[in-house]
Amino acid sequence: QVQLVESGGGSVQAGGSLRLRCAVSGHTARRACMAWFRQAPGNEREVVATVNRMTGTTDYADSVKGRFTISPNTVALQMNSLTPDDTGVYYCAAKRDAAYSCSSDRRWYNYWGQGTQVTVSS
């Protein structure tokens with residue numbers, strides 16, 4: 001019943017910006033953890049940012065700190081100063097139940113969107 005749908009991906013030049021959005025339908029904990037992951041060809045899916053909607057706490061991968069921002073309210077992911085290393089498929093993920101701490105492990109999340117492609121050219 002729970003569906004996550006990403007939007008906002010596209011192709012941009014290095015140094016540009018994109019804003020990814022995650023639309024949620026169905027019933028999930030309103031204060032559950034949500035996260036963004038990304039996966040480049042040949043690589044494992046890795047966490048980009050997490051947000052605990054109960055506490056408002058956000059966390060980021062070291063590679064995106066200072067450049068990406070996740071909204072505690074909408075889970076939108078603002079991506080600035082993009083580089084070709086940011087290229088990949090970006091996925092929105094959600095936990096079924098509320099938690100006091102959000103995991104960076106992809107196996108922990110219950111719901112996933114279909115992904116949206118982000119391509120950064122140099």
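Values in this document were obtained by computation on a predicted structure and should not be read as measured data.
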What do you reckon, is CD of Q3 surrounded by more than 12 foreign heavy atoms closer than 6.0 Å?
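At most 12 heavy atoms, drawn from other residues, nucleotides or ligands, come within 6.0 Å of this atom.
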Tell me whether [X] shares a hydrophobic cluster with [Y], the cluster being built from Ile, Leu, Val, Met, Phe, Trp, Tyr side chains joined at under 4.5 Å.
{"X": "Y109", "Y": "V24", "answer": "no"}
{"X": "Y90", "Y": "Y60", "answer": "yes"}
{"X": "V64", "Y": "V12", "answer": "yes"}
{"X": "L20", "Y": "F68", "answer": "yes"}
{"X": "V89", "Y": "V48", "answer": "no"}

Quick one: does any side-chain atom of [X] pair with a main-chain N or O of [Y] as donor and acceptor, under 3.5 Å?
{"X": "R53", "Y": "N73", "answer": "yes"}
{"X": "Y91", "Y": "E6", "answer": "no"}
{"X": "Q39", "Y": "G88", "answer": "no"}
{"X": "W36", "Y": "V75", "answer": "yes"}

Give me the atom names and distance for the closest heavy-atom approach of [X] to [Y].
{"X": "R67", "Y": "D86", "answer": "NH1-OD2, 2.8 Å"}
{"X": "P84", "Y": "S122", "answer": "CG-CB, 3.9 Å"}
{"X": "T50", "Y": "S103", "answer": "CG2-O, 3.9 Å"}

Going by heavy atoms in the side chains, are V2 and N110 under 4.5 Å from each other?
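Side-chain contact under 4.5 Å: no.
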Could you label the plane-to-plane angle of the W112 and F37 rings as parallel, tilted or perpendicular, counting under 30° as parallel and over 60° as perpendicular?
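Ring orientation of W112 relative to F37: tilted.
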Interatomic spacing from [atom1] in [X] to [atom2] in [Y] - rounded to 0.5 Å:
{"X": "T57", "Y": "D59", "atom1": "OG1", "atom2": "CG", "value": "9.0 Å"}
{"X": "T69", "Y": "M79", "atom1": "OG1", "atom2": "CE", "value": "11.5 Å"}
{"X": "T116", "Y": "L77", "atom1": "OG1", "atom2": "CG", "value": "11.0 Å"}
{"X": "N80", "Y": "R19", "atom1": "CG", "atom2": "CZ", "value": "9.5 Å"}

